[in-house]
J.: 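Sharing a structure, written as structure tokens. Questions coming.
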Amino acid sequence: MAGRINDEDVKAVRDAVPIDAVVSEYLQLRNAGGGNLKGLCPFHDEKSPSFQVSPSKGLFHCFGCQEGGDTITFVMKVDHLSFSEAVERLAGQAGITLRYEEGGYNPSHQRGERIRLVEAHKVAAQFYVDQLESPEAEIGRKFLAERGFDQAAAQHFGVGYSPAGWDHLTRFLRGKGFTDKELVLSGLAQEGRRGPIDRFRGRLMWPIRDIGGEVVGFGARRLREDDNGPKYLNTPETPIYRKSQVLYGIDLAKKDIAKSSRAVVVEGYTDVMACHLAGVTTAIATCGTAFGNDHIKILRRLLMDNGSARVIFTFDGDAAGQKAALRAFEDDQKFAAETYIAIAPDNMDPCDLRLAKGDDAVADLVEPRTPLFEFALRQIVSRYDLETPAGRASALDEAAPVVARIKNSASQHEVAVQLAGMLGILDTQFVVKRVGQLARWARERGGRGPAPAPGGGGPAAQIAAPARPFGGPALTLRNPVFTTERELLKLALQYPQLVSPAFDAYGVDEFTADPYAAVRQAILDAGGAEQGVHDPQQYLIAVREAAPDDAVRAMVTELAVEAIRRKTVDEPYAGEQLVTVRKRAVDRRIRDVQGTLTRLGAGGDPHQLAAVQNELWVLQQYGQALRERGADAL
């Protein structure tokens, strides 16, 4: 096993790779104010962005699911990597050579499993690209040329060729140090009677990349008549490839999807190529499976679910294409984006359309034409005899629930009127009422989501923080005591220079909420807030490492990322929080001492009574000074 990665190298990796650059490879980020960025969380489903990134602190935190951490943590969670695998991936991106405590530089065979499988795919992708130039691959080059793709297009998309022999790639990867176990696990090889053999043989190869740009699988197109396999053969499910969680072309399209708030979903690899070459650079495709929930999650993070976003599906006009369109509509309401369908004339796919009519025809095809719900309604209505009352009633019974699922109530009303027209029902209000009734029933069955917090104002303004595995009272942010303690801890983590050195004299017991007391202890164990004045990022790392468990660590990250409640963050504001927390602590102590005096009574030990009375006097004087002089009295 490889030894522990050198701590200095881990720090160098953290410093070299900005967290916002890494996160933006997976989701669209927008300005959240206070130097922070926000987006839709990749770790849970949400409709409004509660995931925040602080580039200056190198941290992320989701106020919805409480996931949080630094750049390394994000890569570990989003790609299911171990700590060392995540550091190795980021180090590779930054060009940093890692050192290991138990001996020298890390040999390739000691890398983590996922890193090894991704490396095998990277080497295989280049092998296939090189093979496309071979005499044997003439059939593949001809296939591409017949579909309007030249050498430059093949290179842009990384298209390659797998030789027809049994073990060309297997022998090549063995020579690069990969084991037979790794080759089979990666899906690049399969077990034969005499050992591993190539899975893909004599086929045109498309590399399938994840949203981060790593090759995780391949799509292979049959070229020869004597090939008895399926027309398209994809990589099987592996530790790094899940066909329901990848979109072909997403690595090339993601920036333009985020920029234009538009995505075009096509059906195949050549359709993606045709669209991109025609200037439709937001085109993507599924990989041998129907468009589903996990694909929607990927697009929603890029589209940010804003109301102006558009998702356009292109399907063949044949029965299979219509079925696929209706299946896509089943998930339509999971988008905040508007969804449309585009069907080319003569049922041509984008690749055929480009060949027949040129790039402009492809660009024109994907301009939003028919809303997906309208297409679905027309397909439903077409199955009934609208000349009869029974036919119209049956069509309404099937179509009305579809309209009831439309998110926007104004649009729902308008489409209900349209439906009445499609069915030839003159009493439009009857149809509108029927749809409204179904919509109400659906809401009642499904239950309503939680109401937003009054006044908005971001995560800190919510009525109550999520339940946490701490003792003590519920962490209700309507409580001004908890609000001020939270604000002071945020300042101590984000602006330590404004609260030091006074903050480091505050006791853990001055924080009444258990989670906040735990964070105060973590800051103390990390050397105090004054450490953050000299090296803010290393200070936050030290505090997170000092946290006793994941719950406290998550709270540290949350407080380090959450926006301060005031736009202007300065010494007077910091002083107010310091004074308020201290005054409340002093007042609590005064009440305790007064209770002790009452219990001692007039007949108590005179010396003890005098000591308690003296403590009460000192506390009262200190409290008065805090009220009159503020932070100067600390």
Side-chain angles (χ1 to χ4, degrees), residues 47 257 260-267 271 275 280 282-286 290-293 295-296 299-300 302-345 347-350 353 361-384 386 395-425 428 431-432 434-436 438-439 442:
K47 292 186 177 180
I257 289 174
S260 65
S261 291
R262 189 175 90 153
V264 176
V265 182
V266 298
E267 292 195 282
D271 292 333
C275 284
V280 183
T282 58
I284 48 158
T286 60
F291 190 85
N293 281 342
H295 301 126
I296 290 172
L299 285 186
R300 286 183 60 221
L302 295 174
L303 293 168
M304 279 284 283
D305 269 5
N306 68 72
S308 63
R310 299 286 184 270
V311 178
I312 301 103
F313 292 90
T314 66
F315 294 108
D316 292 344
D318 58 15
Q322 292 178 10
K323 184 177 180 181
L326 292 173
R327 190 164 53 236
F329 179 73
E330 290 297 312
D331 291 320
D332 170 72
Q333 300 305 299
K334 295 174 183 175
F335 282 111
E338 297 294 331
T339 53
Y340 295 84
I341 186 168
I343 297 178
N347 297 337
M348 289 186 287
D349 58 33
L353 183 63
V362 176
D364 186 60
L365 166 67
V366 299
E367 285 304 312
R369 287 287 200 282
T370 305
L372 194 55
F373 69 79
E374 183 179 322
F375 175 82
L377 289 179
R378 293 194 182 281
Q379 294 300 307
I380 291 170
V381 169
S382 67
R383 295 200 294 268
Y384 294 92
L386 302 182
L396 177 61
D397 285 344
E398 186 176 351
V402 172
V403 182
R405 286 168 48 197
I406 295 174
K407 298 176 289 286
N408 184 289
S409 58
S411 297
Q412 185 186 96
H413 180 278
E414 186 177 337
V415 176
V417 173
Q418 276 184 265
L419 176 61
M422 287 183 197
L423 298 173
I425 297 176
T428 56
V431 177
V432 170
R434 177 71 185 281
V435 168
L438 289 170

J.: Check the pair Val366, Arg262 against side-chain contact (heavy atoms from CB on, under 4.5 Å), reporting the backbone distance first and the verdict last.
T.: CA-CA 10 Å; Val366 299; Arg262 189 175 90 153; 3.8 Å; yes
J.: Quick check for you: to the nearest 0.5 Å, what is the distance between Phe375 atom CZ and Thr339 atom OG1?
T.: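 It comes to 12.0 Å.
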J.: Does Glu367 reach the side chain of Val280, with side-chain heavy atoms less than 4.5 Å apart?
T.: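 Not touching, per the 4.5 Å side-chain cut-off.
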J.: Would a 4.5 Å heavy-atom cut-off, applied to side chains only, mark Val435 and Val415 as touching?
T.: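 No; the side chains remain at least 4.5 Å from each other.
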J.: So, does Glu338 use its side chain to make a donor-acceptor pair with the main chain of Arg310 at under 3.5 Å?
T.: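 No, because the side chain of Glu338 does not come within donor-acceptor range (under 3.5 Å) of the backbone of Arg310.
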J.: Let me confirm one number: the CZ-OG1 distance from Arg378 to Thr370, rounded to the nearest 0.5 Å.
T.: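 One finds 8.0 Å between CZ of Arg378 and OG1 of Thr370.
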J.: Does any part of the side chain of Val265, heavy atoms only, come nearer than 4.5 Å to the side chain of His295, both counted from C-beta?
T.: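 No; the side chains remain at least 4.5 Å from each other.
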J.: Starting at CD1 of Ile284, measure out to CG of Asp271 and round the result to the nearest 0.5 Å.
T.: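 Interatomic distance, Ile284 CD1 to Asp271 CG, rounded to 0.5 Å: 12.5 Å.
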J.: If you round to the nearest 0.5 Å, how far is CG of Asp397 from CZ of Arg434?
T.: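 Rounded to the nearest 0.5 Å, the CZ-CG separation comes to 5.0 Å.
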J.: Do Leu365 and Leu353 come close enough that some side-chain heavy atom pair is under 4.5 Å?
T.: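 SC-SC contact between Leu365 and Leu353 confirmed.
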J.: Can you name the nearest heavy-atom pair linking Ala416 to Val403, along with the distance?
T.: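 Distance-wise, the nearest heavy atoms are N-CG1, 3.9 Å.
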J.: Any non-hydrogen side-chain atom of Asp349 less than 4.5 Å from a side-chain atom of Glu267?
T.: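 No, side chains not in contact.
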J.: Indicate the atoms forming the closest heavy-atom contact of Ala395 with Leu423, along with that distance.
T.: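 Residues Ala395 and Leu423, closest heavy atoms: CB-CD2, 3.5 Å.
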J.: Is there a side-chain contact between Val431 and Leu396, using heavy atoms and a 4.5 Å cut-off?
T.: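 Yes, close enough: below the 4.5 Å cut-off.
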J.: How long is the span from the CD1 atom in Ile296 to the CG atom in Leu303, to the nearest 0.5 Å?
T.: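 Interatomic distance, Ile296 CD1 to Leu303 CG, rounded to 0.5 Å: 11.0 Å.
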J.: Testing the basics here: between Thr314 and Pro350, what is the closest heavy-atom pair and its distance to 0.1 Å?
T.: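 Heavy atoms of Thr314 and Pro350 come nearest at OG1-CG, 4.2 Å.
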J.: Count the heavy atoms belonging to other residues, nucleotides or ligands that lie under 6.0 Å from CD of Glu398, then report whether that count exceeds 12.
T.: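 Result for CD/Glu398: enclosed.
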J.: With a 4.5 Å cut-off on side-chain heavy atoms, are Val417 and Val432 touching?
T.: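 Sidechains of Val417 and Val432: in contact.
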J.: To the nearest 0.5 Å, tell me how far Gln412 CD sits from Leu419 CG.
T.: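 Rounded to the nearest 0.5 Å, the CD-CG separation comes to 11.5 Å.
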J.: Are Ile341 and Ile312 packed together at the side-chain level, in the sense that at least one heavy-atom pair is separated by less than 4.5 angstrom?
T.: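 Side-chain contact under 4.5 Å: no.
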